[in-house]
Protein chains: 2
Amino acid sequence: MYGKFFSKDTTSFMRSPVREIFKRVDLGSIYSFAGGYPSADTFPLEDIRRATDIVIQKYGAKAFQYGATQGVPELRQVLSERYGVPLERIQVTTSSQQGIDVCTRVLVDPGDVILTSNPSYLGALQSFCSYRAEVVGVSHEPSLDAFRKAYVEAIEAVRAAGKKLKFLYMIPDFQNPSGETLSLEERLVLVELAEKYDFLIVEDSPYRELRYEGSDVPTIYSLCPDRVLHLGSFSKILAPGFRIGWILGAPELLDMIYVCKQSLDLCPPIFDQYLAAELMGSGLLDANLVKSIALYKSKRDLLLSLLEEYMPEGVSWTHPEGGLFLFLTLPEGFDTIAFYDKALDAGVAYVAGSFFHVDRSMARNTMRMNFSFMTHQKITEGVKLLAGLIKSELK
Amino acid sequence: MYGKFFSKDTTSFMRSPVREIFKRVDLGSIYSFAGGYPSADTFPLEDIRRATDIVIQKYGAKAFQYGATQGVPELRQVLSERYGVPLERIQVTTSSQQGIDVCTRVLVDPGDVILTSNPSYLGALQSFCSYRAEVVGVSHEPSLDAFRKAYVEAIEAVRAAGKKLKFLYMIPDFQNPSGETLSLEERLVLVELAEKYDFLIVEDSPYRELRYEGSDVPTIYSLCPDRVLHLGSFSKILAPGFRIGWILGAPELLDMIYVCKQSLDLCPPIFDQYLAAELMGSGLLDANLVKSIALYKSKRDLLLSLLEEYMPEGVSWTHPEGGLFLFLTLPEGFDTIAFYDKALDAGVAYVAGSFFHVDRSMARNTMRMNFSFMTHQKITEGVKLLAGLIKSELK
C-alpha cells in the first residue's frame, strides 16, 4: 500500500544481516561470534555512576538542555587535547555511524563512486547504498606494488567510465571485518593517490586505541589533514550506548556537516557528551582502556590458539594486532551462507564474509569472527562446536 | 576548494537563523524570546539523578551496550501503555528532529511536494529543503470553509502541475511558531483530503502535553492511524538533552524507517532511553509535567498581560492554549529582520516571523516570541525593553 510513497533511495536500502540475527536470537543464549559488541565487562559501571553525579552537580540543567550542534564545548576541548587537533576541526556526532552517514550525505549524489577496501564495514556499505552511490571495492593485495596497482586500476576505471570518485572509505586499523592494519607505506600510497586523482578519504577509526601488539601507525588524517575526514567513536573504548562519536577534518567540510546536522538531529545527546568528557578528562577512560586491552588481548590469544588447535586443515585466518575481529577462510567451495542455519541450529553464530563485500557473491567461503563479546569459556566451547560442525561439513 | 565534492542536496541546505543567534550571543546574558528552549527549572534534576542509579542497578551493562534499532523494549512498552498504541507501531528516534528527517528521507525525492502550514517549524523546513523537496505553504484561514478551500486549491495546483504530493506536515497543537491549535473539524478536513487525494500526514506533536487551558483535541493519528506518522518527543516534557523521540505509524512505514535508521545511527542512545522509560514508567514525568504546566501557564499569562500593557497600538498576537510560543504581528511595513540587530544591540532577541515561512519574503512584520525559557522577571523586563524599542521605531 505504501510502496508508491517511498523515495527512490529506499529501493537501495540494505537490511543488516547482523541486526536481523539479533532479532531472531538472543545473543546471550548462543555462542555468538557474530556481532561487534564490546564486552559488557569493559563498561566501567561504577565510574559511570560516579560520573553521573559529578556531571549533574557540575553542569546542572545545562546537561539536559539543547546544546551546540558542533557538540558541547567541554567534550570538544577534551578531544582537542587528547588528539592534538584544534577545536575548529572537531565535530561531535551522534554515533560514529552518523559520521559515516553525514559524510556520505554531504558528499555523494546517486551514481557517484565511493572506493572502499573489499571486504569493508557493513554499516558503511549500507549507508553508501542508501544514497545510491556506486561502491567499488578493492581487495587488499599483500605487496605494496600490487596494493598501489589495484587502487590505480580501480581509480582509472572509474575515470574512464566518466564517473565522479568522491571519496575512499578506509578502516586502516584492525579493519572490520578483516582485522588487518594498513602499513605506513600503504597509507602514504592512498594519500598520494588522493592528491593525484583529487578525491577525499574518510578514515574510520573506531578500533585504533585497542592495540594488543606492535606499534601505532600514524593515522591517514595526520598525514594529510585537509583531504581526510577522520571518524572517531566512544563505542569501543567506553560504551556504545552513549552514541557519541566525532569527526576531525577541514573547517570548510565540517561547516557543511554542521549545517546538515541541524536538520538531522539538532545536536548530539548532551548528558552523554558530558559523561564522555568527564570520563575522558579525568583519566578514567584511559585507566579502563588498559583493562579492556588486557582483556581483549587475552581473548584474541585464546581464539587464535583454539583455531590452531581445533580447525581442520585448509582453514586459515588473519592475525589481528588489535580490534574485535578476525577473518576466517574456509576451503574453496565451502558456503558460509548455506551453512549458517545449520550452525545457528547447533547454537553458534558468525557473520558470513560475503556480507562485507560490495559484490555479495564473493568470498562465500569466509566468515567474520568476533572475540570481544563472549567470555573465555564461551569462546572455547564455541570454537570447539564450530570447528566440529565445519569438520562434519567438509567430510 | 571543497565545493566540487559536495552533493547536490547541499545546495539546498538552510542555516538555522536561531542557531546562528546562539553562536553569536550567550542567551543567558540577554533577554531572549528567541529559542524554543524549555525552562531549565522544569528539568527534574534530583529525579534524574536518582533514576541514573536505578537504571544502572536495574539494567547494568545493558544500559550502555548497543540496543535494538527500534528502541529498547522497556521504553517502547511504556510508550505503548501511555499512548495506547501497540508495540509494532512504535519506533524510537534519536530526537524528534530525526523523526522529521527520517520520514522525509524515506518518502521524498527531489521535486516531490510537501504541503505545510505557513508559517511552520523551521527545523522541518530545513529538513524538507535539504532533500530538495518543493515545499508548499498554506496559510491558516479562520473559517472552516476557507480552511478547506485553501488546502484544496493548494493540492489541486500541485496535481495540475503534475507533481507528486507525498505528505502534509502539520503541528496541530500549539503550533510552532504561531501557537495556534487546529480544531477537531479542521483535523477531520485534513484527514478527508489525505484520503481523497491519497497523501500521508506527518503530525508533529512535541507540545501536545503542555496544555494550559481548554480541552484536548484528538490527535490526527487517532483519527486515521494508517495514513498518519505521529512524532512525539521527550524534549519539551522531560528534557531535550536526551535526544529521544518516537514515531507512531503503520508497521509497513515503520519497517522502512527501521532499515533507514540502521544506516543513520544504528540505535538511539541506550542509557537515555532507559532513563526516559524509568521516569515515565514510575510516574515522575507526570508529576513533573504538572509543575511544568503550572510554571509555563504563569509565564504565558504574564507575557499576554505585559503585551497588553506595553505594546503600542497596531500590534497584535496569538493566544496560545499551550506550548512555548506566541506569534506577534506588527503594523504593516514594520521589518523585523531589519529591526533585529537594533534589538539585539539593545539586549533583546526574538526570531523574525519570515524565517518560518516557505517564502521568506512573507510576513516581515511578524515575530515569534518564546515564553518558556526566561524567568518571570526577565520576561517582564524583556517585554518592556522590546515594546519601548518598537514604539521608537514606529514613531
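If you're wondering where the values come from, they're calculated on a predicted model, not measured in any experiment.
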Winner by heavy-atom pair count (cut-off under 4.5 Å) against chain B, out of [options]:
options: A/Ile270, A/Asp41, A/Leu200, A/Asp101; answer: A/Leu200
options: A/Thr69, A/Val55, A/Leu125; answer: A/Thr69
options: A/Lys164, A/Arg227, A/Lys4; answer: A/Lys4
options: A/Thr52, A/Leu253, A/Asp9; answer: A/Leu253

Atom pair [atom1]/[atom2] of [X] and [Y] - distance to nearest 0.5 Å:
X: A/Leu264; Y: B/Ser95; atom1: CG; atom2: OG; value: 9.0 Å
X: B/Leu107; Y: A/Phe5; atom1: CG; atom2: CZ; value: 8.5 Å
X: B/Phe43; Y: A/Lys62; atom1: CZ; atom2: NZ; value: 13.0 Å
X: A/Phe13; Y: B/Met256; atom1: CZ; atom2: CE; value: 6.5 Å
X: B/Met1; Y: A/Asp198; atom1: CE; atom2: CG; value: 7.0 Å
X: B/Ile56; Y: A/Leu45; atom1: CD1; atom2: CG; value: 6.5 Å

Between [X] and chain B, with a heavy-atom cut-off of 4.5 Å, which part of the residue counts as in contact: side chain, backbone, both or neither?
X: A/Asp226; result: both
X: A/Gln57; result: neither
X: A/Val108; result: backbone
X: A/Phe373; result: side chain
X: A/Ala124; result: neither
X: A/Cys129; result: neither

Could I get the full list of salt bridge (Lys or Arg N to Asp or Glu O under 4.0 Å) partners for A/Asp265, not counting sequence neighbours? A/Lys261
Might you work through the side chain to side chain contact (heavy atoms under 4.5 Å, CB included) test for B/Ser7 and A/Tyr131, ending with a clear yes or no? CA-CA 10 Å; B/Ser7 70; A/Tyr131 291 101; over 6 Å; no
Is B/Leu275 in contact with chain A via its backbone, its side chain, both, or neither, using a 4.5 Å heavy-atom distance? side chain
Can you tell which part of B/Gln70 gets under 4.5 Å to a heavy atom of chain A, answering side chain, backbone, both or neither? side chain
Heavy atoms, side chains only, cut-off 4.5 Å: are [X] and [Y] in contact?
X: A/Pro269; Y: B/Asp272; result: yes
X: B/Gln98; Y: A/Leu266; result: no
X: A/Asp53; Y: B/Arg49; result: yes

I need the minimum non-hydrogen distance between A/Lys166 and B/Phe6, along with the two atoms involved. NZ-O, 3.8 Å
Could you tell me which residues in residues 240-247 of chain A have at least one non-hydrogen atom under 4.5 Å from a non-hydrogen atom of chain B, sorted by residue number?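 When heavy atoms of chain B are the reference, residues 240-247 of chain A contributes A/Pro240, A/Gly241, A/Phe242, A/Arg243 within the under-4.5 Å range.
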Return the option, out of [options], with the maximum number of heavy-atom pairs under 4.5 Å with chain A.
options: B/Ile100, B/Ile48, B/Val102; result: B/Ile48
options: B/Thr104, B/Asp112, B/Val259; result: B/Val259
options: B/Gly67, B/Gly123, B/Cys260; result: B/Cys260
options: B/Tyr274, B/Phe199, B/Phe167; result: B/Phe199

Establish, from distance only, whether the side-chain atoms of B/Arg105 and A/Thr10 form a donor-acceptor pair under 3.5 Å.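 Short answer, no.
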Counting N and O atoms only, with roles assigned by atom type, does the side chain of [X] sit under 3.5 Å from a partner on the main chain of [Y], one being a donor and the other an acceptor?
X: A/Gln126; Y: B/Ser263; answer: no
X: A/Gln65; Y: B/Pro38; answer: yes
X: B/Asp109; Y: A/Lys8; answer: yes
X: B/Gln262; Y: A/Ser16; answer: yes

Ion pair check, A/Arg15 and B/Asp255, cut-off under 4.0 Å: yes
If a pair satisfies ring-ring contact (aromatic ring centres under 6.0 Å, His included) and one of its residues is in residues 253-272 of chain A, list it, with sequence neighbours excluded.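 For residues 253-272 of chain A: A/Phe64-A/Phe271.
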Qualifying residues under side-chain hydrogen bond (donor to acceptor under 3.5 Å, both in side chains), relative to B/Ser292, sequence neighbours excluded: none
